[in-house]
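Counting begins at 1 with the first residue of the sequence.
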Amino acid sequence: MSSGRGNPYPRYEAWRREGPLHRLAPEEMSPMMRVQGRMVFGGEIPPIFVAVTHEAVAEILRDAERFSSSGYARTMGLVMGHTILEMDPPEHGRYRGLIQQAFTRRALERWEHELVRPIVKRHVDAIAGRGRADLVRELTLPFPVAVIAGMIGVADRDLASFHRFAVELIQISVDPARGVAASQSLRELFARLLAERRARPSDDLVGVLARAELDGTRLDDESIYAFLRLLAPAGAETTYRSVSNLLCGLLTHPDQLAALRGDRGLVNDAIEEGLRWESPITTIQRSCTRDTSVQGAEIPKGSLVVVSLGAANRDPARYERPDAFDIRRPLKAHLSFAFGPHRCLGMHLARIETRALLDAVLDRLPGLALDPQAKPPEITGLGFRSPPELRVLFEADAP
Ligand code: HEM
């Protein structure tokens with residue numbers, strides 16, 4: 001299943017057999033890594049290590065003193081501004097304390113009922129009468145971005161350009177000029193929204209960010225824009241891929257899909273297994289701040305550490321038959337949402353979105369199965385992974 005074009009797992013497996021960290025030889029760098037390396041380090045690429053065991057990944061992510069996130073400033077920071085992703089302690093803790101005020105249990109409940117479920121319903125309604133669909137193009141791709149846009153308060157008429165700018169933003173290493181232009185367009189959109197919330201205080205995300213306060217400190221406008229810019233790629237690109245991967249796992253294992261239909265008590269296990277099996281983001285990055293060692297492997301100061309969440313999730317020392325998709329496997333925490341201080345701030349929302357989508361698919365699309373006329377789906381990608389399409393058939397709703 002998860003084989004074919006752009007599959008990093010066989011490499012991870014080979015490296016893991018050598019030890020917890022693999023030092024990347026120049027010829028092992030992908031063209032994209034070389035481009036990013038030149039952008040970030042001006043040609044002088046430092047030693048690069050890839051962490052591939054569960055223990056090594058957890059040790060690195062737990063320790064922001066030895067393993068800094070500041071390197072993101074030289075890549076994503078160029079278009080997003082100074083975001084929480086690139087902050088280290090103590091700045092990170094203070095900022096996260098402020099941002100977290102917008103992600104309360106009450107806010108999550110409101111988003112679930114006012115945004116997530118109606119948006120999922122709208123998308124499923126659009127296909128339910130047809131009996132066939134591409135679940136990626138028509139469902140998993142558009143719905144999470146509509147949720148983020150709704151949270152931010154982007155008007156329906158601006159939704160398409162919001163989505164386009166969000167995609168262009170993260171293509172900075174492919175087309176820098178377009179990335180910078182998208183960043184500026186998003187700033188203008190957010191500035192309008194912030195001015196409106198200042199004039200008329202509200203309880204939505206922008207309203208809460210405008211008022212958030214911790215020890216007498218408030219977020220300045222640029223910090224709010226940076227956070228909002230991060231949300232679309234952080235919250236939509238990831239969720240669309242993880243939901244697609246889960247549906248792909250279920251559709252290619254019809255016995256497990258049938259088990260889930262028969263026992264909805266398995267939904268949470270299925271969600272976690274989908275995330276473990278195919279992490280939508282396979283790697284994140286840290287820079288090493290001092291000469292140190294991880295699980296016995298030496299890492300010199302200044303090294304770039306590629307932290308492979310995907311490899312950690314398939315470490316045979318932690319998971320039996322790690323490459324198999326199995327919603328009944330004993331639950332053990334995975335690392336797809338990372339770990340430590342930067343653990344994903346939106347993970348509860350991502351789970352709510354996935355549950356809402358699964359409920360709708362199970363309730364509204366009876367007989368759901370892969371279209372036998374279509375090419376079997378394939379999960380592809382080295383850094384971001386998901387199936388480009390999921391062509392399915394189901395029993396159409398009566399007109
Ligand atoms: C399945 C879906 C998702 C996955 C797999 C995911 C994964 C991650 C990962 C791996 C990180 C850590 C990045 C790093 O430290 O380098 C992260 C951070 C973050 N995520 Fe998510 N994410 C998901 C959904 C969301 C959603 C829905 C939101 C918001 C609406 C969100 C907002 C954030 C934010 C703000 C951070 C930065 C936290 C910090 O630096 O302290 N994510 N996410």
For this session: Evaluate the side-chain contact (heavy atoms from CB on, under 4.5 Å) criterion for residues Ser202 and Arg197: first the C-alpha distance (whole Å), next the side-chain angles of each, then the deciding distance (0.1 Å), finally the verdict.
Result: CA-CA 6 Å; Ser202 67; Arg197 298 306 182 278; 3.0 Å; yes

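- Note: Met347 CE to Leu275 CG = 11.0 Å, rounded to the nearest 0.5 Å.
- Not one N or O on the side chain of Asp204 forms a donor-acceptor pair closer than 3.5 Å with the backbone of Met151.
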Exercise. What's the verdict on salt bridge (Lys or Arg N to Asp or Glu O under 4.0 Å) for Glu237 and Arg241, showing C-alpha distance, side-chain angles and the deciding distance?
Worked result: CA-CA 6 Å; Glu237 186 72 18; Arg241 291 181 189 275; 2.7 Å; yes

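- Of the possible donor and acceptor atoms, one in the side chain of Arg329 sits under 3.5 Å from a partner among the backbone N and O of Glu320.
- With 3.5 Å as the limit, one finds a donor-acceptor pair spanning the side chains of Ser183 and Arg229.
- Closest approach of Ala226 and Thr83 over heavy atoms only: O-CG2, 3.6 Å.
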Problem set entry | side chain to side chain donor-acceptor pair (under 3.5 Å) assessment of Glu353 paired with His348 | CA-CA 9 Å; Glu353 290 180 280; His348 300 305; over 6 Å; no

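- A salt bridge between Asp326 and Arg321 is present, with a side-chain N of the basic residue lying under 4.0 Å from a carboxylate O of the acidic one.
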For this session: Dump the intermediate steps for side-chain contact (heavy atoms from CB on, under 4.5 Å) on Ile170 and Val79, then the final yes or no.
Result: CA-CA 8 Å; Ile170 53 171; Val79 282; over 6 Å; no

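- The closest side-chain donor-acceptor pair between Ser223 and Asp220 falls under 3.5 angstrom.
- In this structure, the side chains of Val305 and Gln285 stay at 4.5 Å or more apart for every pair of heavy atoms.
- Atom CZ of Arg130 has more than 12 neighbouring heavy atoms from other residues, nucleotides or ligands inside a 6.0 Å radius.
- Linking Ile, Leu, Val, Met, Phe, Trp and Tyr residues whenever their side-chain heavy atoms come within less than 4.5 Å leaves Leu382 and Ile48 in two separate clusters.
- Note that the CG atom of Leu357 and the OH atom of Tyr240 stand 14.0 Å from one another [nearest 0.5 Å].
- Between the side chains of Ser386 and Asn245, no donor-acceptor pair of N or O atoms lies under 3.5 Å.
- Interatomic distance, CD1 of Ile352 versus CZ of Arg355, reported as 10.0 Å (0.5 Å rounding).
- Ring-plane geometry between Tyr12 and Tyr9 is classed as perpendicular, the angle between the planes exceeding 60 degrees on a 0 to 90 degree scale with a lower cut at 30.
- Ion pairing between Asp221 and Arg187 fails under the 4.0 Å rule for side-chain N and carboxylate O.
- A donor-acceptor contact shorter than 3.5 Å is absent between the side chain of Thr354 and the backbone of Ile271.
- Residue Arg264 qualifies as enclosed at atom CZ: its count of foreign heavy atoms under 6.0 Å is above 12.
- Taken from CG in Leu393 to CG in Leu368, the straight-line distance is 9.0 Å, to the nearest 0.5 Å.
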Exercise. Between Val206 and Phe190, is a side-chain contact (heavy atoms from CB on, under 4.5 Å) present by the stated rule, with each step listed?
Worked result: CA-CA 9 Å; Val206 178; Phe190 298 148; over 6 Å; no

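- At least one side-chain heavy atom of Leu309 sits less than 4.5 Å from a side-chain heavy atom of Leu61.
- At a threshold of 4.0 Å, the pair Arg192-Glu196 does not count as salt-bridged, since none of the basic side-chain nitrogens sits closer than that to a carboxylate oxygen.
- Ring orientation note: the planes of Tyr319 and His54 are nearly perpendicular, at an angle over 60° on the 30°/60° scale.
- Checking side-chain atoms of Gln256 against main-chain N and O of Ile327 turns up a donor-acceptor pair under 3.5 Å.
- Proximity of Thr238 to Phe337: side-chain heavy atoms (C-beta onward) are nowhere separated by under 4.5 Å.
- Between the Asp134 side chain and the Leu390 main chain, a donor and an acceptor come within less than 3.5 Å of each other.
- More than 12 heavy atoms of other shown residues, nucleotides or ligands fall within 6.0 angstrom of atom CZ in Arg318.
- The shortest side-chain heavy-atom distance between Val307 and Thr283 does not fall under the 4.5 Å cut-off.
- Using modelled atom types, one side-chain atom of Arg276 and one backbone atom of Asn313 make a donor-acceptor pair closer than 3.5 Å.
- Using modelled atom types, one finds no donor on one side chain facing an acceptor on the other under 3.5 Å when comparing His113 with Glu109.
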For this session: Might you work through the side-chain contact (heavy atoms from CB on, under 4.5 Å) test for Val57 and Phe339, ending with a clear yes or no?
Result: CA-CA 9 Å; Val57 167; Phe339 183 66; over 6 Å; no

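- The closest side-chain donor-acceptor pair between Arg351 and Asn268, if any, does not fall under 3.5 angstrom.
- Arg198 and Ile224 make their closest contact through NH2-CD1, 4.3 Å (heavy atoms, listed as atom of the first residue, atom of the second, distance).
- Among all heavy-atom pairs drawn from Pro118 and Glu112, the shortest one is CD-O, 4.1 Å.
- Panel note: side chain Arg286, backbone Ile60; no donor-acceptor pair is recorded below 3.5 Å.
- Between Arg364 and Asp359, no side-chain nitrogen of the basic residue sits less than 4.0 Å from a carboxylate oxygen of the acidic one, so the salt-bridge criterion is not met.
- A donor and an acceptor atom, one from each side chain of Glu273 and His334, are nowhere located under 3.5 Å apart.
- With hydrogens and angles left out, the side-chain atoms of Thr380 and Asn7 include no donor and acceptor closer than 3.5 Å.
- The line from CG of Leu21 to OG1 of Thr53 is 7.0 Å long, rounded to the nearest 0.5 Å.
- There is a side-chain donor-acceptor pair under 3.5 Å between Arg66 and Thr292.
- Of all the heavy atoms in Ala56 and Pro20, the pair that sits closest is CB-CB, 3.9 Å.
- Here the rule is side chain to side chain contact (heavy atoms under 4.5 Å, CB included) with His22, and of Glu28, Arg11, Arg16 only Glu28 fits it.
- Taking each heavy atom of Val208 and Asp203 in turn, the nearest pair found is CG2-O, 3.5 Å.
- Note that the CZ atom of Arg385 and the OG atom of Ser242 stand 13.5 Å from one another [nearest 0.5 Å].
- A side-chain donor-acceptor contact under 3.5 Å links Ser244 and Thr140.
- Ser279 contributes a side-chain N or O that, together with a main-chain N or O of Ile281, makes up a donor-acceptor pair within less than 3.5 Å.
- The two residues Leu365 and Ala128 come nearest to each other via the heavy atoms CD2-CA, 4.1 Å.
- Counting heavy atoms of neighbouring residues, nucleotides and ligands inside a 6.0 Å radius, atom CG of Asp255 exceeds 12 of them.
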For this session: Assess whether salt bridge (Lys or Arg N to Asp or Glu O under 4.0 Å) is satisfied between Glu298 and Arg23, documenting all intermediate values.
Result: CA-CA 10 Å; Glu298 302 295 322; Arg23 181 161 177 173; over 6 Å; no

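- Within the 3.5 Å criterion, the main-chain N or O of Gly235 finds a donor-acceptor partner in the side chain of Thr239.
- More than 12 heavy-atom neighbours from other residues, nucleotides or ligands sit within 6.0 angstrom of CD on Glu389.
- Taking the six-membered ring where tryptophan is involved, the planes of His253 and Phe325 are tilted, since the angle between them lies from 30° to 60°.
- Of the possible donor and acceptor atoms, none in the side chain of Glu59 sits under 3.5 Å from a partner among the backbone N and O of Glu55.
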